[in-house]
Amino acid sequence: MSIFDIWKSKRPRPIDRVELDKLGPVVWSDDDESWRGSVDGISFFIGIDDSSDYPIQPLIDYTESALLNDWLRDGVSAAKDKYVAQHPQFADELADLSIESVHVYLRKGLRHLNCHLGYGENDRFWALDFIDSRCTGMGFDT
């Protein structure tokens with residue numbers, strides 16, 4: 001047993017499958033340390049809070065807000081436009097990408113969302129970060 005096993009043992013064992021009212025079923029993933037679900041073809045991951053064996057309401061509400069309203073799609077569109085204005089060489093690549101998945105979690109008491117657009121040309125993986133509904137950055141990793 002390592003020191004990390006001791007720390008993990010203090011966390012309640014997450015419920016394997018949960019039915020969320022507006023988001024539908026979510027299934028616990030040990031690999032992602034989150035509950036995974038899907039809405040309209042977009043995968044979502046709700047991060048765990050160490051105090052609960054169930055997705056906490058602030059993150060459920062945040063996920064619903066992002067996927068069932070327009071602010072996330074509008075924010076992604078605005079961020080893509082801003083990025084293309086500064087880097088026009090990526091215009092065609094970004095035009096072909098849309099939201100594939102979102103990961104929501106709490107960090108230092110703030111709601112965070114990492115939005116994945118997927119792979120563009122040359123294996124560029126595009127993502128955006130949000131705190132609440134404010135985009136804090138967009139970029140790619142290769």
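Positions are given from 1 along the sequence.
Y119 and V76 sit in two unconnected hydrophobic clusters of ILVMFWY residues. Membership requires side-chain heavy atoms under 4.5 Å apart, directly or through other members. I131 and V104 are members of different hydrophobic clusters when ILVMFWY side chains are connected at heavy-atom separations under 4.5 Å. One hydrophobic cluster holds both L97 and L72 under the rule that ILVMFWY side chains link at heavy-atom gaps under 4.5 Å. In the hydrophobic clustering of this structure, W35 does not group with F45; members are Ile, Leu, Val, Met, Phe, Trp, Tyr whose side-chain heavy atoms approach within less than 4.5 Å, directly or through other members.
Checked against side chain to side chain contact (heavy atoms under 4.5 Å, CB included), D132 has the following partners two or more places apart in sequence or in another chain: R111. R134 meets the salt bridge (charged side-chain N to carboxylate O under 4.0 Å, His left out) test with no other residue; sequence neighbours excluded.
In terms of heavy atoms, H112 sits closest to Y62 at O-CE2, 3.3 Å. Between L128 and A79 the shortest heavy-atom distance is CD2-CB, 3.4 Å.
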Check your understanding: Stepwise, does the side-chain contact (heavy atoms from CB on, under 4.5 Å) test hold for N122 with T142?
Key -> CA-CA 8 Å; N122 300 319; T142 55; 5.9 Å; no

Exercise for review: Decide yes or no on side chain to side chain donor-acceptor pair (under 3.5 Å) for D31 and S29, but give the supporting numbers first.
Suggested key: CA-CA 5 Å; D31 290 339; S29 167; 5.1 Å; no

Exercise for review: Output, in order, the C-alpha distance, side-chain angles, deciding distance and verdict of ring pair (Phe, Tyr, Trp, His ring centres under 6.0 Å) for F140 and F125.
Suggested key: CA-CA 5 Å; F140 62 84; F125 184 80; over 10 Å; no

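Note that CD1 of I42 is 12.0 Å distant from OG1 of T63, once rounded to the nearest 0.5 Å. Atom OG of S133 and atom CG of D74 lie 10.5 Å apart (nearest 0.5 Å). To the nearest 0.5 Å, atoms CD1 (I99) and CZ (R73) are separated by 5.5 Å. Between the CG atom in L59 and the NE2 atom in H103 there is a gap of 13.5 Å [rounded to 0.5 Å].
More than 12 heavy atoms of other shown residues, nucleotides or ligands fall within 6.0 angstrom of atom CZ in R124. Counting heavy atoms of neighbouring residues, nucleotides and ligands inside a 6.0 Å radius, atom CZ of R107 does not exceed 12 of them. Few gaps surround CG on D53; more than 12 heavy atoms of other groups in view lie less than 6.0 Å from it. By the 6.0 Å contact criterion, CG on D30 is enclosed, its count of non-hydrogen atoms from other residues, nucleotides or ligands being greater than 12.
Side-chain polar atoms of E33 and W28 form no donor-acceptor pair below 3.5 angstrom. Side-chain contact annotation: H116 with N114, donor-acceptor N/O pair under 3.5 Å present. For the residue pair S65 and W71, a side-chain donor N or O sits within less than 3.5 Å of a side-chain acceptor on the partner. The closest side-chain donor-acceptor pair between D32 and S34, if any, does not fall under 3.5 angstrom.
The closest side-chain heavy-atom distance from D40 to L67 is not below 4.5 Å. A heavy-atom distance below 4.5 Å is found between the side chains of C115 and F130. Here the side chains of I46 and L23 are in contact, with some heavy-atom distance below 4.5 Å. Between L113 and Y105, every side-chain heavy-atom pair lies at or beyond the 4.5 Å cut-off. At a threshold of 4.5 Å between non-hydrogen side-chain atoms, the residues S43 and E100 do not count as touching. With contacts defined as side-chain heavy-atom distances shorter than 4.5 Å, the pair L20/P25 does not qualify. Taking 4.5 Å as the limit, some side-chain heavy atom of V84 sits within range of a side-chain heavy atom of L94.
Within the structure, side chain to side chain donor-acceptor pair (under 3.5 Å) contacts touching residues 76-87 (residues at least two apart or in different chains) do not occur.
A side chain to side chain contact (heavy atoms under 4.5 Å, CB included) with I56 is found for one member of D61, I48, D49 and no other, namely D49.
A distance-only check finds no donor-acceptor pair linking the side chain of W126 to the backbone of M138 [under 3.5 Å].
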